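Since the structure is predicted, the reported quantities are computational estimates derived from the model, not experimental observations.
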Amino acid sequence: MGKGSHGAAPNAIGYQHQTWWALVELLQSGASRPDAALSLELYDDVAWECEGSATQLLQVKHHIGQHRTLTDSAPDVWRTLKVWMDEASPADADGPALALVTTEAAADDTAVAALRPSTRNETEALRLLEEVARTSESKQTQTARQQFLSFGSSERLTFVSRIRVIDRSPHIQDIAAQVKERLHWALPPGHEDLFLAMVWRWWDETALALLRGTQRSVDVGDAQAAIADIRDRFTRDNLPTILELGDVNAGELEQKYRMHPFVQQMHWVAFPPRNLQKAIVDYYRAYTHSVRWLEEDLIGAAELTRFENELVDEWDREFEWMLDSLDEDAGDDEKKTAGKTLLRQLLGQTGLCVRSRFNDPFFARGQRHMLAELGKVGWHPDFETRIAELLKVNA
């Protein structure tokens with residue numbers, strides 16, 4: 001990582017840049033490596049592997065500032081070479097390819113410039129590195145330089161021949177634009193920002209799993225499938241899930257909505273506390289999605305109204321059956337039990353969907369609670385009378 005400061009901020013930015021840059025690398029190189037997988041902090045900062053063996057190791061360096069140059073005596077260069085000399089079998093001609101990815105620009109007439117793909121000259125690069133290794137007086141790079149010179153000349157040439165320098169890599173503030181450019185083929189017209197936000201969410205979750213070690217690597221095919229699935233959410237028969245279950249704090253929502261009519265309706269039929277809390281989460285997620293979908297022009301108000309009407313019609317049929325099953329002199333306990341059964345039954349029915357391929361059950365469940373909030377549906381046989389009394393109290 002970039003070490004331009006001893007403060008925590010540059011290091012934190014460097015780690016974030018490494019993680020984000022890995023997505024650029026995945027999108028940029030994945031098409032030519034369909035059977036490969038990308039890892040973070042496993043073999044190196046970033047690495048490509050195939051069938052469980054590393055095929056390319058990448059050291060990723062970020063520096064604040066747009067006009068910094070990289071020279072052969074730079075600590076970044078020798079720090080990187082030291083890592084590879086220790087870990088990457090430098091004299092093995094069949095070892096993984098090695099890449100130094102840096103936001104700096106390789107200075108002219110240097111080894112690092114001679115190791116760029118566009119200006120490659122391995123013999124000259126080796127000569128210049130040997131010269132710096134012998135003549136530099138830097139204490140910071142001394143150990144790495146001595147280790148480099150301890151190899152035989154043919155070993156050094158083999159080592160250098162495996163290295164390439166990718167300079168002028170995008171800075172952290174430019175990564176988002178790079179990702180957008182490489183995903184231009186998938187951008188849904190009019191919803192580019194939301195789509196990209198969902199891609200970034202997927203990548204951040206994936207990267208965290210890679211860094212924690214709960215996931216070894218991400219296959220190119222799996223990454224392509226994940227992005228295609230996100231894109232598929234923006235088709236006419238589908239919708240994107242914007243607010244995931246893990247995004248909400250159930251305890252806070254329970255306190256916020258505890259006096260709302262839809263919650264009171266569930267209390268009237270003695271709905272179990274944990275399921276009531278989950279119902280509040282469903283309500284919040286459904287409400288949030290309805291608002292965001294309308295704002296993003298992903299759905300029209302008329303389509304949402306049609307879906308609500310279908311839910312009301314379904315409830316009306318089942319409510320009638322519930323009333324028919326109760327004796328005229330049924331007591332409140334019987335009514336509570338009947339209402340609880342009705343609520344449980346309807347919340348478990350997932351056949352009705354707002355879009356044919358959007359089948360996440362939270363939305364239909366949450367919409368039923370939204371209708372209960374408005375008094376359009378209810379669970380207790382006497383819910384209409386109770387709603388009217390509740391409104392009088394709150395008036």
Side-chain angles (χ1 to χ4, degrees), residues 16 19-20 23 26-27 175-177 179-180 182-209 218 222-257 260 262-263 277-308 310-311 347 349-374:
Q16 186 67 79
T19 301
W20 288 357
L23 177 58
L26 183 63
L27 297 173
I175 293 289
V179 169
K180 183 176 182 179
R182 283 161 178 76
L183 285 174
H184 68 90
W185 56 272
L187 297 176
H191 311 296
E192 294 90 345
D193 290 345
L194 178 58
F195 168 77
L196 288 168
M198 294 175 67
V199 170
W200 276 113
R201 180 192 178 97
W202 161 77
W203 177 247
D204 286 341
E205 291 175 350
T206 300
L208 184 59
V218 54
D222 290 343
Q224 291 172 339
I227 293 171
D229 179 67
I230 294 171
R231 178 61 178 85
D232 191 49
R233 294 284 181 169
F234 291 85
T235 55
R236 293 180 62 85
D237 57 356
N238 208 343
L239 286 164
T241 300
I242 299 170
L243 185 68
E244 300 287 352
L245 183 61
D247 295 333
V248 300
N249 185 312
E252 289 182 0
L253 291 179
E254 185 174 21
Q255 287 300 310
K256 179 179 179 180
Y257 290 106
H260 278 237
F262 80 97
V263 175
Q277 187 182 68
K278 291 178 184 297
I280 293 173
V281 171
D282 287 338
Y283 170 90
Y284 178 74
R285 292 181 70 200
Y287 176 81
T288 301
H289 277 79
S290 295
V291 172
R292 287 291 306 279
W293 288 340
L294 288 168
E295 289 176 346
E296 293 281 345
D297 199 25
L298 289 162
I299 198 170
E303 188 175 358
L304 280 176
T305 299
R306 282 197 300 271
F307 180 57
E308 291 172 1
E310 290 177 358
L311 292 175
L347 293 184
Q349 292 183 4
T350 57
L352 290 178
C353 300
V354 65
R355 290 269 176 90
S356 61
R357 295 178 59 204
F358 182 79
N359 52 14
D360 196 324
F362 83 85
F363 189 70
R365 292 195 300 250
Q367 281 282 356
R368 289 185 172 97
H369 295 305
M370 289 170 66
L371 292 168
E373 174 77 1
L374 298 173

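- Between Phe307 and Phe363, the ring-plane angle classifies as parallel under the 30° and 60° cut-offs.
- Here the straight-line distance linking atom CG of Leu194 with atom CD of Glu296 works out to 4.5 Å at 0.5 Å rounding.
- Looking at Glu310 and Arg306, no side-chain N of the basic residue comes within less than 4.0 Å of a carboxylate O on the acidic one, giving no salt bridge.
- For the pair Val218 and Thr206, the tightest heavy-atom approach, listed with the atom from each and the gap, is CB-CG2, 4.2 Å.
- Interatomic distance, Leu304 CG to Trp293 CH2, rounded to the nearest 0.5 Å: 7.5 Å.
- Going from atom CG of Asp222 over to atom CD1 of Ile227 covers 11.5 Å, rounded to the nearest 0.5 Å.
- Between Asp360 and Arg233, none of the side-chain N atoms (NZ, or NE/NH1/NH2) sits under 4.0 Å from a carboxylate O, so this pair counts as no salt bridge.
- Residues Phe362 and Ala286 share a closest heavy-atom pair of CE1-N, 3.9 Å.
- A distance of 9.5 Å separates CG in Asp193 from CG in Leu187, rounded to the nearest 0.5 Å.
- In this structure, Arg355 and Leu298 approach most closely via the heavy-atom pair NH2-O, 3.0 Å.
- Across all their heavy atoms, Ser290 and Met370 have their closest contact at OG-CE, 4.3 Å.
- Across all non-hydrogen atoms, the minimal contact from Asp247 to Ile242 is OD2-O, 4.1 Å.
- The aromatic rings of Phe358 and His289 are tilted relative to each other, their planes meeting at an angle between 30° and 60°.
- Looking only at distances, a side-chain donor or acceptor of Arg231 sits under 3.5 Å from a matching main-chain atom of Ala186.
- Between Trp20 and Trp200, the distance separating the two ring centers is shorter than 6.0 angstrom.
- When side chains are defined from C-beta on, Tyr287 does not count as touching Leu243, because their heavy atoms never get closer than 4.5 Å.
- Under the ring-ring contact (aromatic ring centres under 6.0 Å, His included) criterion, the residue pairs touching residues 236-257 are Tyr257-His260, Tyr257-Tyr283, with sequence neighbours excluded.
- The OG1 atom of Thr235 sits 4.5 Å away from atom CG of Asp232, with the distance rounded to the nearest 0.5 Å.
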query: What's the verdict on side-chain contact (heavy atoms from CB on, under 4.5 Å) for Arg285 and Thr241, showing C-alpha distance, side-chain angles and the deciding distance?
result: CA-CA 9 Å; Arg285 292 181 70 200; Thr241 300; 3.8 Å; yes
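- Distance CG/Leu27 to CZ/Arg182: 8.0 Å, rounded to 0.5 Å.
- In this structure, Gln277 and Glu254 approach most closely via the heavy-atom pair NE2-OE1, 2.9 Å.
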